[in-house]
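Everything on this sheet refers to the single structure shown next.
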Amino acid sequence: MEHKIIFTGPVGAGKTTAIGSISDIPVVKTEARASDEVAQRKASTTVAMDYGILNLGEGAKVHLYGTPGQERFSFMWDILTIGGIGLVLMLDNAREDPLKDMEFYLDAFKDFIGKNQVVIGITRMDMKPRPGLYTYQTKLAELNLNVPVFEVDARERSDVKVLLLALLAALDPGVRR
Ligand SMILES: Nc1nc2c(ncn2[C@@H]2O[C@H](COP(=O)(O)OP(=O)(O)OP(=O)(O)O)[C@@H](O)[C@H]2O)c(=O)[nH]1
Ligand SMILES: [Mg+2]
């Protein structure tokens with residue numbers, strides 16, 4: 001059994017880091033030196049995709065794909081979702097308006113989300129604890145979306161695992177078929 005899951009979200013949310021934390025193979029990355037506004041935040045950014053594999057045992061595998069965060073590479077977003085069964089939306093709580101980021105990505109991936117499962121992971125809550133998870137849940141309820149939201153540190157394998165297991169658990173009935 002092989003499945004494909006996509007990690008998306010804004011620049012620096014921790015997509016590449018999360019895939020690195022959970023992958024059983026060295027992650028295939030397409031990092032390039034960051035230019036313009038991204039350079040102030042970090043040295044490199046994903047320009048095409050990340051790729052890793054999580055082995056679930058008994059031959060079951062999850063293929064993990066990370067999108068670039070930068071909007072100018074958004075042509076990759078649709079390409080990377082093809083064949084996917086679930087989406088992990090990572091949001092950086094320390095960005096200017098993470099709730100707006102959430103709405104932006106939910107809209108950008110709305111066709112995929114309409115047919116597949118989503119989970120949300122909020123990073124950098126250690127650096128900026130507000131907004132809290134409740135604020136995200138309230139916004140999601142307003143948007144009529146039933147999406148689990150977790151606090152995660154993308155550097156922590158156990159945190160990323162919780163996120164993926166929540167996604168896989170939600171998918172389970174479909175996955176078994
Ligand atoms: N303090 C803190 N740092 C975190 C947390 N999660 C991730 N990071 C750091 O945030 C940075 C995330 O960088 P990337 O993984 O490159 O982010 P990305 O989402 O792949 O970004 P792009 O590819 O540019 O879109 C890394 O330096 C991580 O170590 C967290 O919960 N707390
Ligand atoms: Mg990246």
Side-chain angles (χ1 to χ4, degrees), residues 4-54 62-82 84 86-109 112-113 118-137 147-167:
K4 173 176 173 182
I5 284 174
I6 302 98
F7 287 65
T8 196
V11 167
K15 304 173 291 293
T16 302
T17 306
I19 293 174
S21 296
I22 197 86
S23 178
D24 292 315
I25 61 159
V27 176
V28 180
K29 298 181 195 177
T30 60
E31 296 288 304
R33 186 193 298 266
S35 57
D36 50 61
E37 77 284 18
V38 177
Q40 293 158 18
R41 303 172 51 85
K42 57 197 186 87
S44 69
T45 187
T46 303
V47 294
M49 62 177 227
D50 305 304
Y51 173 66
I53 297 177
L54 173 64
V62 184
H63 299 271
L64 311 165
Y65 287 81
T67 71
Q70 282 187 277
E71 228 179 303
R72 63 190 167 114
F73 300 118
S74 60
F75 61 90
M76 285 302 295
W77 298 353
D78 289 336
I79 295 172
L80 289 174
T81 53
I82 295 170
L87 185 72
V88 176
L89 174 55
M90 313 254 331
L91 297 169
D92 173 358
N93 219 41
R95 267 168 62 95
E96 181 126 3
D97 190 347
L99 283 150
K100 198 168 147 202
D101 291 337
M102 179 171 79
E103 282 196 78
F104 175 85
Y105 281 88
L106 289 173
D107 184 60
F109 286 86
F112 184 82
I113 292 170
V118 198
V119 290
I120 296 179
I122 316 290
T123 59
R124 289 196 221 243
M125 292 193 89
D126 53 313
M127 296 173 72
K128 191 164 164 281
R130 304 265 148 224
L133 296 185
Y134 180 75
T135 309
Y136 289 95
Q137 286 155 350
V147 177
V149 187
F150 296 90
E151 172 175 355
V152 298
D153 186 325
R155 300 164 297 183
E156 294 292 335
R157 181 181 166 92
S158 55
D159 284 14
V160 181
K161 200 153 188 190
V162 167
L163 204 57
L164 277 184
L165 288 179
L167 187 62

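For ligands, and for the atoms within them, numbers begin at 1 and follow the listed sequence.
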For ligand 1, does [X] get within less than 4.0 Å through its side chain, its backbone, both, or neither, judged by non-hydrogen atoms?
{"X": "Met90", "result": "neither"}
{"X": "Met127", "result": "side chain"}
{"X": "Asp126", "result": "side chain"}

Report task. Run the salt-bridge test on Asp50 and Lys29 with the 4.0 Å N-O cut-off and return the result as yes or no. Result ->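 So Asp50 does not pair with Lys29 through a salt bridge.
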Query raised in the report: Is the closest side-chain heavy-atom distance between Val62 and Ile53 below 4.5 Å?
Result: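 Side chain of Val62 against side chain of Ile53, heavy atoms only: no contact under 4.5 Å found.
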Query - Contact check, side chains of Ile6 and Phe112, non-hydrogen atoms, under 4.5 Å - result: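 In contact.
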Closest protein heavy atom (residue, atom, distance) for [atom]:
{"atom": "atom 11 (C) of ligand 1", "result": "Arg124 NH2, 3.6 Å"}
{"atom": "atom 5 (C) of ligand 1", "result": "Asp153 OD1, 3.5 Å"}
{"atom": "atom 19 (O) of ligand 1", "result": "Lys15 NZ, 2.7 Å"}
{"atom": "atom 7 (C) of ligand 1", "result": "Ala154 CB, 3.6 Å"}
{"atom": "atom 21 (O) of ligand 1", "result": "Gly12 N, 2.9 Å"}
{"atom": "atom 2 (C) of ligand 1", "result": "Arg155 NH2, 3.1 Å"}
{"atom": "atom 13 (O) of ligand 1", "result": "Thr17 OG1, 3.7 Å"}
{"atom": "atom 17 (O) of ligand 1", "result": "Gly14 N, 3.3 Å"}

Is the shortest N/O to N/O distance between [X] and ligand 1 below 3.5 Å?
{"X": "Thr123", "answer": "no"}
{"X": "Thr45", "answer": "yes"}
{"X": "Ser44", "answer": "no"}
{"X": "Gly69", "answer": "yes"}
{"X": "Gly9", "answer": "no"}
{"X": "Thr46", "answer": "yes"}

Tell me if a side-chain donor or acceptor on [X] pairs with a main-chain N or O of [Y] at a distance below 3.5 Å.
{"X": "Ser44", "Y": "Ala32", "value": "no"}
{"X": "Arg157", "Y": "Ile22", "value": "yes"}
{"X": "Asn93", "Y": "Arg124", "value": "no"}
{"X": "Thr81", "Y": "Asp78", "value": "yes"}
{"X": "Thr30", "Y": "Ala48", "value": "yes"}
{"X": "Thr17", "Y": "Ala154", "value": "no"}

Query raised in the report: Under 3.5 Å, is there a donor-acceptor pair linking the side chains of Thr16 and Thr46?
Result: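 Side-chain D/A pair, Thr16 to Thr46: present.
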**Report entry** Heavy-atom protein neighbour under 4.0 angstrom from atom 31 (O) of ligand 1
**Finding:**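 Yes, there is a protein heavy atom closer to it than 4.0 Å.
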Query raised in the report: For ligand 1, is Asp50 a contact, meaning one of its heavy atoms is under 4.0 Å away?
Result: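 No, Asp50 has no heavy atom closer than 4.0 Å to ligand 1.
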Report task. Could you pull out all residues at least two apart from Phe109 that satisfy ring pair (Phe, Tyr, Trp, His ring centres under 6.0 Å)? Result ->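 So Phe109 forms a ring pair (Phe, Tyr, Trp, His ring centres under 6.0 Å) with Trp77.
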Taking atom [atom1] as the centre, does [X] end up with more than 12 heavy-atom neighbours from other residues, nucleotides or ligands that are less than 6.0 angstrom away?
{"X": "Lys161", "atom1": "NZ", "answer": "no"}
{"X": "Arg33", "atom1": "CZ", "answer": "no"}
{"X": "Phe75", "atom1": "CZ", "answer": "yes"}
{"X": "Lys100", "atom1": "NZ", "answer": "no"}

Query raised in the report: For ligand 1, which atoms have a heavy atom of Val152 less than 4.0 angstrom away?
Result: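 Numbered from 1, ligand 1 contributes 31 (O).
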Query raised in the report: In the protein, how many N/O/S atoms are under 2.8 Å from the Mg ion (ligand 2)?
Result: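 For the Mg ion (ligand 2), protein nitrogen, oxygen or sulfur atoms under 2.8 Å: 2.
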Query raised in the report: What residue among Met76, Lys15, Lys4 forms side-chain contact (heavy atoms from CB on, under 4.5 Å) with Tyr65?
Result: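 The residue from Met76, Lys15, Lys4 that satisfies side-chain contact (heavy atoms from CB on, under 4.5 Å) with Tyr65 turns out to be Lys4.
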